[in-house]
Number of protein chains: 2
Amino acid sequence: MEQEQLGFRALADVTRRDILRLLAEKDMTIAEVAENFDMTRAAVKKHLTILQEGDLISVHVSGRSRVNALNPIGLKQMFDWFSYFDAFWEDRLSTLKSEIEKDLQ
Amino acid sequence: MEQEQLGFRALADVTRRDILRLLAEKDMTIAEVAENFDMTRAAVKKHLTILQEGDLISVHVSGRSRVNALNPIGLKQMFDWFSYFDAFWEDRLSTLKSEIEKDLQ
DNA sequence: TAATTATGAAACCATTTAGTATCACGTCAA
DNA sequence: TTGACGTGATACTAAATGGTTTCATAATTA
């Protein structure tokens with residue numbers, strides 16, 4: 001699957017977005033991440049795999065542990081997707097703003 | 001469903017992201033949007049409904065036509081979701097940058 | 001070395017998703 | 001006012017998704 005699609009797929013689930021916010025605080029093993037959710041470790045592991053496929057987290061093996069960390073580069077690339085619309089919304093938002101101001105006169 | 005989830009769900013499909021890019025150029029009826037894809041008008045209509053539920057487009061009925069337009073506010077809100085990670089990636093990316101520079105010395 | 005711990009992986013299930021085909025409905029033009 | 005046109009809506013299907021349970025494997029530690 002294409003990288004852009006893998007990224008958006010990874011973000012499409014609320015549990016995975018919550019995992020990203022957790023990992024923004026500190027790196028965690030699978031077990032540590034799983035403590036924060038009301039589901040099995042196996043389910044959390046699947047989410048972590050999808051996040052990794054989306055390049056939003058990186059994993060580094062240490063002994064029998066797998067430490068999951070947020071990947072700033074992948075996350076930034078998702079952010080950058082929206083910049084395609086930058087010109088569009090700046091234009092429209094300022095138009096909206098001036099229309100509202102005109103209405104208030 | 002929660003608004004954040006509706007937005008991310010809407011973005012999780014490549015056809016819908018393509019529709020957004022089309023609508024960034026100009027507003028279109030369902031039939032006009034459908035001309036750009038190799039699928040039935042009914043399928044495109046479903047995608048437009050999901051985009052509308054995600055607040056990423058707005059629809060304005062004109063006679064027997066439905067004109068779909070990009071919603072800059074909804075799109076901006078999705079963009080803003082990522083700002084939660086702003087501090088994180090700016091910090092990490094600059095760390096990465098300085099590590100790479102150190103390696104090159 | 002044996003028990004424990006952290007994880008990987010496969011099989012299975014219910015629900016959602018993305019598409020199809022089909023038909024009904026409101027609007028516009030001749 | 002009768003078609004034709006643009007759309008809405010429903011029923012259906014195959015595949016993907018998000019969860020479970022269960023078992024295997026590799027690394028620690030007593």
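Throughout, protein chains are lettered first and strands after them, A, B, ... in sequence-line order, and every chain is numbered starting at 1. Treat the numbers as computed from the prediction; the structure is a model and nothing was measured.
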Query raised in the report: Are the side chain of B/R17 and the backbone of B/L11 linked by a donor-acceptor contact shorter than 3.5 Å?
Result: yes

Query raised in the report: Atom NE2 of B/H47 and atom P of C/dT20: how far apart are they, to the nearest Å?
Result: 9 Å

Query raised in the report: Counting side-chain heavy atoms from C-beta on, which of D/dG18, D/dT7, D/dT20 comes nearest to A/A43?
Result: D/dT20

Requested in this report: Round to a whole Å and report the spacing from CZ of B/F8 to P of C/dT17.
Outcome: 16 Å

Report summary line: By nearest-heavy-atom nucleotide on DNA chain C, the more 5' of A/N68 and B/A42 is A/N68

Report summary line: Per atom distances to the B/M39 side chain, the nearest of C/dT20, D/dG8, C/dA11 is C/dT20

Query raised in the report: Between A/E53 and A/R16, is there a salt bridge with N-O shorter than 4.0 Å?
Result: no

**Report entry** Touch class at under 4.0 angstrom, heavy-atom based, for A/A31 against every strand present
**Finding:** sugar-phosphate

**Report entry** d(CG, B/L48; C1', D/dT7) in whole Å
**Finding:** 12 Å

Query raised in the report: Rounded to whole angstroms, how far apart are CG on B/L51 and C1' on C/dA18?
Result: 13 Å

Query - Flag side-chain contact, heavy atom, 4.5 Å: B/D27 against B/N68 - result: no

**Report entry** Residue mapping more 5' on DNA chain C - nearest nucleotide basis, A/V67 or A/K46
**Finding:** A/V67

Query raised in the report: Taking atom P of C/dG8 as reference, at what distance in whole Å does atom CD of A/E53 sit?
Result: 13 Å

Query raised in the report: Over how many whole Å does the gap from B/F37 atom CZ to C/dA18 atom C1' extend?
Result: 14 Å

Query raised in the report: For D/dG8, does OP1 or OP2 lie under 4.0 Å from any side-chain N or O of B/K45?
Result: yes

Query raised in the report: Over how many whole Å does the gap from B/E35 atom CD to D/dG6 atom C1' extend?
Result: 13 Å

Query - Check: A/D86 main-chain N/O paired with A/S83 side-chain donor or acceptor under 3.5 Å - result: no

Requested in this report: Using heavy atoms to find the nearest nucleotide of DNA chain D for A/D38 and B/R41 separately, return the residue whose nucleotide is more 5′.
Outcome: B/R41

Query raised in the report: Whole-Å distance between D/dT25 C1' and A/I30 CD1?
Result: 14 Å

Query raised in the report: Would you say D/dT17 has OP1 or OP2 under 4.0 Å from some side-chain N or O of A/R9?
Result: yes

Report task. Give a yes/no answer on whether the side chain of B/R66 brings an N or O atom under 4.0 Å of OP1 or OP2 in D/dG8. Result -> yes

Requested in this report: Looking only at non-hydrogen atoms, find the nearest pair between A/A24 and B/Y84 and report the distance.
Outcome: CB-CE2, 4.4 Å

Report task. Compare the minimum distances between each of D/dG18, D/dG6, C/dT7 and the side chain of A/R16, then state the nucleotide with the smallest one. Result -> D/dG18

Query raised in the report: According to a strict under-4.0 Å criterion, is B/T40 in side-chain N/O contact with OP1 or OP2 of C/dG19?
Result: no

Query - Phosphate OP1/OP2 of D/dG8 contacted by B/R64 side-chain N/O (<4.0 Å) - result: no

